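These notes are about the structure you will find just below.
This structure is a prediction, so every number in the text was calculated from the model and none was measured.
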Amino acid sequence: MTDGIYDIIFNVAEALELPVVILALLALAGVLVETGMFIVELVKRRRRTFAALSRTGASAREAVDAGRTTEASALLHTVAWSSAVGAAFGVIVKEVGKPGADTRIAKELADFDFSRQGRLARTRLLVRVGPALGLMGTLIPLAPALDGLARGDVDALTENLRLAFSITVLGILIGVLALGLSLVRERLYGQDFSDLEYIAAILTDDGTGASAISPSPTRPSPAAAATPTLRDPAPSTPQAGLPPLTETKP
């Protein structure tokens, strides 16, 4: 009875060897694809500056106040560093000025955050799946390797140990790359969410946010700075008169 159960476990483990190897290779391909997409995202974000975002937000507010929503969306798309951010900008511009706009804009921001969390879930999954596949790929070939050692089959021992150690390295590589992508992307997506909140605040406030955004003040010329400013002299206040001295008689 016990030997039959053990045989079933051994057979299941041996049957999982090929699927584990295939899944490890697929996970490696997935993390390499995510790395390529991450590099593209970084290239697009090289032009990101807060000054450009502020100026574009102020221009979009002027276009919205004038009723040119299409122009406002086009302006904001120039500072959208991803398609998801551009789509969110378009929804915010479309909802500005409508009844209940604040609620719908808040829902759009929440949906954007939810979609970004789903985007991060893929690499977060690889952080755990990669080392798990590496561990399974390490342990499964050890049984045939030990069997080859017991039979004196050095070739079977060497082949199975090479497979075990190779899958271990592969799983660790997948986990490290996925962890790095997850950490950096989490910061980038948090910045995207902050940009959306900033633009939403500019488009929905009473106009003070957009009016406060102005070009840097011009410096006075050296001649103007060297010219002293004449001020009117302060009016002299009359001094109170002293009482006359009177000679006191004894």
Fill in: Minimum-distance pair of heavy atoms, taken over all atoms of Leu53 and Tyr198
CD2-CD2, 4.0 Å
Worksheet item: Taking a hydrophobic cluster as the set of Ile, Leu, Val, Met, Phe, Trp and Tyr residues connected by side-chain heavy atoms closer than 4.5 Å, whether directly or through intermediates, do Val79 and Leu75 fall within one such cluster?
Response: no
Worksheet item: Closest heavy-atom contact between Phe89 and Leu76?
Response: CD1-O, 3.5 Å
Item to complete: Nearest 0.5 Å please: distance from the CD1 atom of Ile92 over to the NZ atom of Lys94.
Response: 12.0 Å
Practice prompt. Might you point out which heavy atoms bring Gly57 and Leu203 nearest each other, and give the distance in Å?
Written response: O-CD2, 4.3 Å
Worksheet item: Closest approach of Val127 and Leu179, non-hydrogen atoms and distance?
Response: CG2-N, 3.3 Å
Worksheet item: What salt bridge (Lys or Arg N to Asp or Glu O under 4.0 Å) pairs are there with at least one residue in residues 33-45, not counting sequence neighbours?
Response: Glu34-Arg119, Glu34-Arg122, Glu34-Arg185, Glu41-Arg185, Arg45-Asp192
Discussion item. Applying a strict under-4.5 Å side-chain criterion to I, L, V, M, F, W and Y, I'd like to know whether Leu181 and Leu183 cluster together.
Written reply: no
Worksheet, complete the sentence: In short, Met136 meets Pro141 closest at the heavy-atom pair O-CD, 4.3 Å
Discussion item. Once you measure the plane-to-plane angle for Phe193 and Phe112, does it fall in the parallel (<30°), tilted (30-60°) or perpendicular (>60°) bin?
Written reply: parallel
Discussion item. Are the side chains of Leu146 and Asn160 in contact, using a 4.5 Å heavy-atom criterion?
Written reply: no
Practice prompt. Could you grab the distance from atom CG of Leu139 to atom CG of Leu16, nearest 0.5 Å is fine?
Written response: 12.0 Å
Item to complete: Over all heavy atoms of both residues, which pair between Leu126 and Ala178 is shortest? Give the atoms and the distance, please.
Response: CB-CB, 3.6 Å
Worksheet item: About how many Å separate CD1 of Ile199 and CG of Leu109, when rounded to the nearest 0.5 Å?
Response: 11.5 Å
Worksheet item: Side chains of Ser82 and Tyr189: donor-acceptor distance under 3.5 Å anywhere?
Response: no
Worksheet item: Is there a path of hydrophobic side-chain contacts, each under 4.5 Å between heavy atoms of I, L, V, M, F, W or Y residues, that connects Leu23 with Val129?
Response: yes
Worksheet item: For Glu95, which residues count as a salt bridge (Lys or Arg N to Asp or Glu O under 4.0 Å) partner, sequence neighbours excluded?
Response: Arg104
